[in-house]
Amino acid sequence: MFQRLRGTRDFYPEEMAARNKLFKIIKETAERYGFVEIVSPAIESFDLIAKKSGEDIRDEIYAFEDKGGRTICLIPEFTPSVSRMIANRQKELGKPLKWFSIPRHWRYERPQSGRLREFYQLNVDIFGSKSPKADTEVLSVGISIMLNLGLKDFLFHISNREFLQGLLQESNVSDIHEAFRIIDKREKIPEEEFIESLLNCGIKNYDEILDVLDSVNIENIENFKGRNKMIDRSIDNLLDISKSLDYYGFKEYCTLDLSVVRGLAYYTGMVFEVYDKKKEMRSLFGGGRYDDLVESFGGEPTPAVGFGMGDVVLELMMKKEGVWPEEKTYIDYYVADIGDVDKYVLSIVRKLRDKGYRVSFDLADRNLSNQLKYADRINAKNVIFVGEKELKEGKIVIKNMETGEQEKVEIGKI
RNA sequence: GCUAGGGUAGGGUAGCGGUUAUCCUAAAGGACUGUGGAUCCUUUGACUCGGGUUCAAAUCCCGGCCCUGGCCCCA
């Protein structure tokens, strides 16, 4: 007997139905915001992936040599592919682009709660707009998706990297991305270790910086202006976003949280991370602005903002909140035969199918009892009995399986 | 890569040194003159794998595999 590979999932009919429902809600929401769907290959050259994440990524992904000796990999994320797509057709695409996709990704990791080796990830991005309105649009579609999925106990923690970057510029930081990584980990590591790491980075005034991070909120942030250009720019951006979110009616789902920096090197402006309100689970998803990335993939300079939302944590959260779709598969009609009536059964089945109904009939030469059992099993809404007795008067019997009621109908009426 | 706890029919379980490995459920088939979605009967089907201890291993020990968490990492 063969087993599934570690960290992968089979989707049996009910599970597939649930997934289809989930994706349908997500797609419809994204489309209502004017995003259009794209998809790209599951395999890409290793160089493309390494361009963004570095050669070391090899240990964490599925990479291998193909028969032509090329090093290729199963895509572990979407950003390189979509950046490539944009760079490839730079000239003909009308900006701003609003694209979404729900590709499958593969990562060679140890599976644990909310994390598998194969998963789906919604990617929503706007390319070609620097405006805070694009930041807000991305946040809003994210909030709408959560709400349309039936979730409400979530909070978008919004920040802007340039604020912290501006603060750090004032001290002599050796490696700014290392500093981002450390501050991103603040809640996870012991205080002493945290401070020591900051000192190692050359941040001597760490207490001042932490003080600022802790005391800033959306009401008083304006008071921090005037320190340097970068900080001012980030404050304007955050205030713009906050204002737009208020106008749009989504302010209640957001909070300013400057401790959110995200570990990744490529983010340039607004960044956000979504948590359940009680912060019991790992981060649900996150994203931000990455204005330099497309250019680094060989395209023209193209500002971009977006997010990635994995399906695994989402499913956990939805199950916890009791809003996971429990979809049952069903058919509209099961046509049961009693006696030698194939001719009638098949013509009835054909007519009903042409009308758009989901229809099945006996494929296993079963007796009536077992046919009914099967009809029940596959969740048939109605059973049509085609029996020799009724056929003599040109009739068939339709039974509603939910109410148990049944009636004789002229065969021509189908 | 490190680490904790698990693995008994398709699903859920009992057994925890000697049983014909328990029960529920499921599936397949049959009976019942064509409402039988019921009932009754029959059948199918399991100790994760390998090694060790023992007269005897599902049961104890070691290792692999897999599952569920945690760490690392998190795009």
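Sequence lines set the chain letters: A, B, ... in the order given, protein chains first and strands last, and positions in each chain run from 1.
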Practice task
Nearest whole angstrom, please: distance from the C1' of B:U35 to the OH of A:Tyr334.
Solution key: 14 Å
Completion exercise
Where RNA chain B forms runs of at least three Watson-Crick or G-U pairs (i with j, i+1 with j-1, under 3.5 Å), the stems are B:1-7 with B:65-71, B:10-12 with B:23-25, B:26-31 with B:39-44, B:48-52 with B:60-64
Exercise for the section: Between B:G18 and B:A58, how far apart are the C1' atoms? Round to whole Å, please. Expected result: 13 Å
Exercise for the section: Take atom C1' in B:G45 and the same atom in B:C23, then report the distance between them in whole Å. Expected result: 15 Å
Exercise for the section: Name all residues meeting the ring-ring contact (aromatic ring centres under 6.0 Å, His included) criterion together with A:Phe194; count only those two or more places apart in sequence or in a different chain, and write none if there are none. Expected result: none
Handout entry: Cationic tip of A:Arg262 above A:Phe180 ring, under 6.0 Å, 45° of axis
Key = no
Handout entry: side-chain contact (heavy atoms from CB on, under 4.5 Å) assessment of A:Ile143 paired with A:Cys254
Key = CA-CA 9 Å; A:Ile143 293 167; A:Cys254 303; 3.7 Å; yes
Practice task
Could you give me the CA-CA distance, side-chain angles and deciding distance for A:Leu314 and A:Leu284, then say whether side-chain contact (heavy atoms from CB on, under 4.5 Å) is met?
Solution key: CA-CA 7 Å; A:Leu314 194 64; A:Leu284 295 167; 5.9 Å; no
Practice task
Kindly state each residue pair satisfying salt bridge (charged side-chain N to carboxylate O under 4.0 Å, His left out) with at least one member in residues 56-65 of chain A, sequence neighbours excluded.
Solution key: none
Exercise for the section: Describe the nucleic acid contact of A:Asn400 in one word from base, sugar-phosphate, nothing, applying a heavy-atom distance below 4.0 Å. Expected result: base
Practice task
Cation-pi check, A:Arg19 to A:Phe11: give yes when NZ or CZ is under 6.0 Å from the six-membered ring centre and within 45° of the ring axis, no otherwise.
Solution key: yes
Practice task
Run the salt-bridge test on A:Glu118 and A:Arg107 with the 4.0 Å N-O cut-off and return the result as yes or no.
Solution key: no
Exercise for the section: Taking the six-membered ring of A:Phe23 (Phe, Tyr or Trp), confirm whether the NZ or CZ of A:Lys27 is under 6.0 Å from its centre and within 45° of its axis. Expected result: no
Handout entry: Test of ring centre spacing under 6.0 Å for A:His157 and A:Tyr275
Key = yes
Exercise for the section: Provide, to the nearest angstrom, the distance between the NZ atom belonging to A:Lys392 and the C1' atom belonging to B:G34. Expected result: 12 Å
Exercise for the section: Rounded to the nearest angstrom, tell me the gap between atom CG in A:Asp59 and atom P in B:C2. Expected result: 14 Å
Practice task
Examine A:Arg117 relative to A:Tyr108 and say whether NZ or CZ is less than 6.0 Å from the centre of the six-membered ring and inside a 45° cone about the ring axis.
Solution key: yes
Exercise for the section: Identify whether any heavy atom of A:Ile49 sits under 4.0 Å from a base atom; if not, whether one sits that close to sugar-phosphate; answer base, sugar-phosphate or nothing. Expected result: nothing
Problem - Summary of salt bridge (charged side-chain N to carboxylate O under 4.0 Å, His left out) pairs that have at least one residue in residues 365-391 of chain A, sequence neighbours excluded - result: A:Lys381-A:Glu402
Practice task
Tell me whether the guanidinium CZ or amine NZ of A:Arg104 lies under 6.0 angstrom from the six-membered ring centre of A:Phe119 and within 45° of its axis.
Solution key: no
Practice task
Let me know the distance between CZ of A:Arg107 and P of B:C72, rounded to the nearest Å.
Solution key: 17 Å
Problem - Nucleotide B:C72, atom C1' - distance to CZ of A:Arg181 in whole Å - result: 11 Å
Problem - Rounded distance in Å between the C1' positions of B:C55 and B:C67 - result: 36 Å
Practice task
Taking atom C1' in both B:U35 and B:C16, compute the distance separating them and give it to the nearest angstrom.
Solution key: 50 Å
Fill in the blank from the handout: RNA chain B nearest-nucleotide lookup for A:Leu368 and A:Arg262: closer to the 5′ end is A:Leu368
Completion exercise
Assign each of A:Asp365 and A:Glu390 the nucleotide of RNA chain B bearing its closest heavy atom; nearer the 5' end lies the nucleotide of A:Asp365
Problem - Geometric class of the A:Tyr290/A:Tyr266 ring pair [parallel <30°, tilted 30-60°, perpendicular >60°] - result: perpendicular
Quick test: give all pairs of protein nitrogen or oxygen and nucleotides 24-29 of chain B nitrogen or oxygen below 3.5 Å, distance rounded to 0.1 Å.
from	atom 1	to	atom 2	distance (Å)
B:A27	OP1	A:Arg377	NE	3.4
B:A27	OP1	A:Arg377	NH1	3.0
B:A28	OP1	A:Arg366	NH2	2.9
B:G29	OP2	A:Arg366	NE	3.4

Problem - Base-contact (B) and sugar-phosphate-only (S) positions in nucleotides 63-70 of chain B, heavy-atom cut-off under 4.0 Å, - elsewhere - result: ---SSBBB
Exercise for the section: Under 4.0 Å between any heavy atoms, over every strand shown, what does A:Gln121 touch: base, sugar-phosphate, or nothing? Just pick one. Expected result: nothing
Practice task
Using the P atom as the reference point in each nucleotide, state the distance between B:A9 and B:C41 in Å, no decimals.
Solution key: 26 Å
Completion exercise
From CG of A:Asn367 across to C1' of B:G36 the rounded distance in Å is 9 Å
Exercise for the section: Give the rounded distance in Å between these two atoms: NZ of A:Lys389 and P of B:G34. Expected result: 9 Å
Exercise for the section: Report yes if a side-chain nitrogen or oxygen of A:Lys185 is closer than 4.0 Å to either non-bridging phosphate oxygen (OP1 or OP2) of B:C73; otherwise report no. Expected result: yes
Practice task
Ignoring backbone atoms, establish whether A:Arg115 has a side-chain N or O less than 4.0 Å from OP1 or OP2 of B:C73.
Solution key: no
Handout entry: Interatomic distance where CZ belongs to A:Phe285 and P belongs to B:C74 [whole Å]
Key = 20 Å
Exercise for the section: Classify the nucleic acid contact of A:Phe78 as base, sugar-phosphate or nothing, counting any heavy atom under 4.0 Å across all strands shown. Expected result: nothing
